[in-house]
Amino acid sequence: MQTVNVSAHAKIILIGEHAVVYRQPAISLPLKTIRTYATLKPTTTGQIIHSELFNGDLQQVNDRLNGIKQLITTLLTRLATIDTPFDLTITSDIPVERGMGSSAATALAITKAFYAAFQQHLDEQTLLATAAISEKIVHGNPSGLDTATDNSQFPIYFIKNQCLRPLALNINGYLIVADTGIQGQTKKAVSAVQQLMHQQPQATNQLITKLGQLTNDAVATLANNELAQLGAIMNQAQVILKQLTVSSPALDHLVATAQQAGALGSKLTGGGRGGCMISLTDTKQHANTIAQQLAQNGAKQTWIVPLKND
Ligand code: MEV
C-alpha cells in the first residue's frame with residue numbers, strides 16, 4: 001500500500017429528486033469547489049479512521065458509518081486481505097446530510113483512495129457500483145444520481161439504470177443554494193414516498209410522472225436560455241415535493257423568503273425534510289441580495305452557483 005490523497009465533490013439536484021427513484025429523469029449539477037478529501041496511509045497495526053463523525057478502529061464504528069464499514073471491508077477483500085492495516089483520514093467541506101451529496105462523495109473518495117493506494121486501475125462503472133455499496137446502507141434505495149453527479153465534471157441528465165449523459169447549460173442565470181442547518185432525512189423521506197406509493201398508488205404515480213415531465217420541460221429551458229420558464233418549473237416541482245411530504249417548515253420558510261426577495265423559482269434540493277433549498281435568479285447582484293435575505297431569515301450557509309458550464 002502507498003500513501004494517497006484523493007477527493008470528490010458535492011452536487012445539487014436542479015430537479016427530479018425522489019421521482020428519479022421511480023425511473024423518472026432528473027437533472028443535477030456538480031459543485032466542484034465544495035469537496036471531501038481522503039488520505040490513506042499504510043500502517044503496521046490497526047484499521048484506523050479519523051473523521052468528523054468517528055475516530056477509531058473500523059470494527060468499532062457507530063451506526064452512521066455502517067455503510068463505510070461495509071464499503072471498506074469489500075475494498076480490502078477485493079484489493080488485499082480483510083485484515084490489512086490502514087490509516088484513513090476523511091475531511092470535508094460538504095455539510096453532512098443536507099442534500100449536497102456528502103455521503104456519496106465520501107464513498108467515492110474512499111473507493112478511489114483504496115484503488116490508488118493498491119495501484120489498481122479503477123474504471124467509472126466500477127467506481128460508481130462500488131460507492132453504491134455504502135449508499136445502499138445509508139439511503140436504502142438510492143437511484144445512483146448522487147454518486148453519478150459527485151463523480152461528474154458536468155451537469156447531468158440521469159435516469160436510473162438507463163441514462164447518464166452530460167447536459168450543456170446554455171442559460172445565463174444563477175442558483176443560490178441555502179442550508180436550513182437542519183440535517184435532512186433522505187432515507188426516511190424516500191421511504192415516506194414509497195409508503196405513499198403503496199397507500200395511494202394512482203395519485204402518487206401521477207405526482208411522480210408530473211415531476212418527470214417537469215424535468216424534461218426544464219431541459220428545453222436550459223437549452224434555450226428561458227430563465228423565467230425554468231423558475232416557474234422549479235416552483236411547480238416544489239408544490240409536488242410538498243405533496244409528497246418531503247419538504248419541511250424550515251425549507252418552506254426559506255422558499256417563501258427567496259420568492260419575496262424576487263427569486264424566479266425556488267425548491268428544496270436532494271432528499272428534503274431538512275437540508276438545502278435552491279433559488280433561481282438572473283444576475284450575480286440579485287443572487288447576492290437573495291442570499292443575504294436567506295441568511296437573515298435563518299439560512300446557516302449559502303452558496304452562489306453560476307448555471308453556465310465552466
Ligand atoms: C437524494 O439526494 C436524491 C433522492 O432522489 C434519492 C436518490 O435519488 O437516491 C431523494
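Residue numbers run from 1 in the order of the sequence given. Below, all heavy atoms of this structure are taken into account, side chains as well, without hydrogens, waters or symmetry copies. Each ligand, and each atom within it, is numbered from 1 in the order the structure gives.
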| query | Quick one: does ligand 1 sit under 4.0 Å from the side chain of Lys160, the backbone, both or neither, non-hydrogen atoms only? | reply | neither
| request: Measure the shortest side-chain to side-chain distance between Leu251 and Ser248 over non-hydrogen atoms and say whether it is less than 4.5 angstrom. | output: yes
| remark: In ligand 1, the atoms that come under 4.0 Å of a heavy atom of His18 are 4 (C), 5 (O), 10 (C)
| remark: Note: ligand 1 atoms sitting under 4.0 Å from heavy atoms of Lys11 are 2 (O)
| said: Taking Asp179 first and then Lys300, would you say they form a salt bridge - that is, a charged N and a carboxylate O separated by under 4.0 Å? | reply: no
| task | With sequence neighbours left out, write down each residue that passes salt bridge (charged side-chain N to carboxylate O under 4.0 Å, His left out) with Arg273, or none if nothing qualifies. | result | none
| request: Assess Gly99 for proximity to ligand 1: is some non-hydrogen atom of it under 4.0 Å away? | output: no
| query | With Asp252, which residues qualify under salt bridge (charged side-chain N to carboxylate O under 4.0 Å, His left out), at least two apart? | reply | Lys242
| Is the shortest distance from a heavy atom of His139 to ligand 1 less than 4.0 Å? | no
| Nearest protein heavy atom to atom 7 (C) of ligand 1, by residue and atom, and its distance? | Ser143 OG, 3.4 Å
| Does the N or O separation between Asn141 and ligand 1 drop below 3.5 Å for any pair? | no
| note | Quick note on ligand 1: atoms under 4.0 Å from a heavy atom of Ile13 include exactly 2 (O), 3 (C)
